[in-house]
Amino acid sequence: QVQLVESGGGSVQQGGSLRLSCVASKLTYRMTWFRQAPGKEREGVASIFTGISDGDDSIYYGDSVKGRFTISRDNAKNGVYLQMNNLQIEDTATYYCAAILRGGGAWDTPSVYNYWGQGTQVTVSS
């Protein structure tokens, strides 16, 4: 089992920044941030390889956040961070951290992930 603890959500004005954190209770293979707005499907935001390197050190971003969001990791803490800059109203959602312990599956498919955080709310206002 893996526990994921998220922090860092909040309210910000359009154009502002927030940084989300997710700390896992053990080493994982890949950790990904998803988000879900009311009435919408869960969307892959950013993903990063977090395991012992086997050649897959890839990072992925959803098209809507490329150039604005940056995902990073701290191996010593089993932590993953999402720096969100130039936030827009459409970024408003509940953000979830997810993890898998082995590879396989598309990075942005929620059903691929076995472990999920509790979610943290991000609200962007005009």
Inset, instruction - Heavy atoms only: give me the nearest Ser47-Arg30 pair and the separation to one decimal. - result: OG-NH1, 2.8 Å
Inset, instruction - Would you give the length of the straight line joining atom OG of Ser58 to atom CZ of Phe49, rounded to the nearest 0.5 angstrom? - result: 8.0 Å
Using atom types as modelled, flag every donor-acceptor pair under 3.5 Å from a side chain in residues 19-28 to any protein atom, sequence neighbours excluded.
from  : atom 1 : to    : atom 2 : distance (Å)
Ser25 : OG     : Gln3  : N      : 2.9
Ser25 : OG     : Gln3  : OE1    : 3.4
Thr28 : OG1    : Thr50 : OG1    : 2.7

Inset, instruction - Just jot down the side chain to side chain contact (heavy atoms under 4.5 Å, CB included) partners of Val5, sequence neighbours excluded, or say none. - result: none
Inset, instruction - With the side chain counted from C-beta on, respond yes when Val2 and Leu101 share a heavy-atom pair under 4.5 Å apart, and no when they do not. - result: yes
Legend entry - For Lys66, all residues meeting salt bridge (charged side-chain N to carboxylate O under 4.0 Å, His left out), sequence neighbours excluded: Asp63
Inset, instruction - Output, in order, the C-alpha distance, side-chain angles, deciding distance and verdict of side chain to side chain contact (heavy atoms under 4.5 Å, CB included) for Val80 and Ile71. - result: CA-CA 7 Å; Val80 169; Ile71 191 169; 3.7 Å; yes
For residues 119-126, run the donor-acceptor check on the side chains, cut-off 3.5 Å, and write out each pair with its distance to 0.1 Å, sequence neighbours left out.
from   : atom 1 : to     : atom 2 : distance (Å)
Thr120 : OG1    : Gly9   : N      : 3.2
Gln121 : OE1    : Thr94  : OG1    : 2.9
Gln121 : NE2    : Ala93  : O      : 3.4
Gln121 : NE2    : Thr123 : OG1    : 3.4

Legend entry - Under 3.5 Å donor-acceptor, Gln118 side chain and Glu6 backbone: yes
Legend entry - Where at least one partner belongs to residues 97-126, residue pairs that pass ring pair (Phe, Tyr, Trp, His ring centres under 6.0 Å), sequence neighbours excluded: Phe34-Tyr113, Phe34-Trp116, Tyr60-Trp107
Legend entry - Any pair counted as ring pair (Phe, Tyr, Trp, His ring centres under 6.0 Å), so long as it reaches residues 69-100, sequence neighbours left out: none
Inset, instruction - Just do the side chain to side chain contact (heavy atoms under 4.5 Å, CB included) check on Ile100 and Val112 with the steps written out, would you? - result: CA-CA 8 Å; Ile100 50 175; Val112 166; 4.1 Å; yes
Legend entry - Test side-chain contact (heavy atoms from CB on, under 4.5 Å) applied to Gln36 and Glu41, Arg42, Glu43, the passing residue: Arg42
Inset, instruction - Among residues two or more places apart or on two chains, list those pairs meeting disulfide bond (SG atoms under 2.5 Å apart) that have a residue in residues 62-94. - result: none
Legend entry - Donor-acceptor contact present, side-chain Tyr29 to main-chain Ala99, <3.5 Å: no
Scan the side chains in residues 84-91 for donor-acceptor partners under 3.5 Å anywhere in the protein, sequence neighbours excluded, and list what turns up.
from  : atom 1 : to    : atom 2 : distance (Å)
Asn85 : OD1    : Ser17 : OG     : 2.9
Asn85 : OD1    : Gln83 : NE2    : 2.9
Asn86 : OD1    : Gln88 : NE2    : 2.9
Gln88 : OE1    : Gln14 : NE2    : 2.9
Gln88 : NE2    : Asn86 : O      : 3.0
Asp91 : OD1    : Arg35 : NH1    : 2.8
Asp91 : OD1    : Arg68 : NH2    : 3.0
Asp91 : OD2    : Arg68 : NH1    : 2.7
Asp91 : OD2    : Arg68 : NH2    : 3.4
Asp91 : OD2    : Gln88 : N      : 2.7

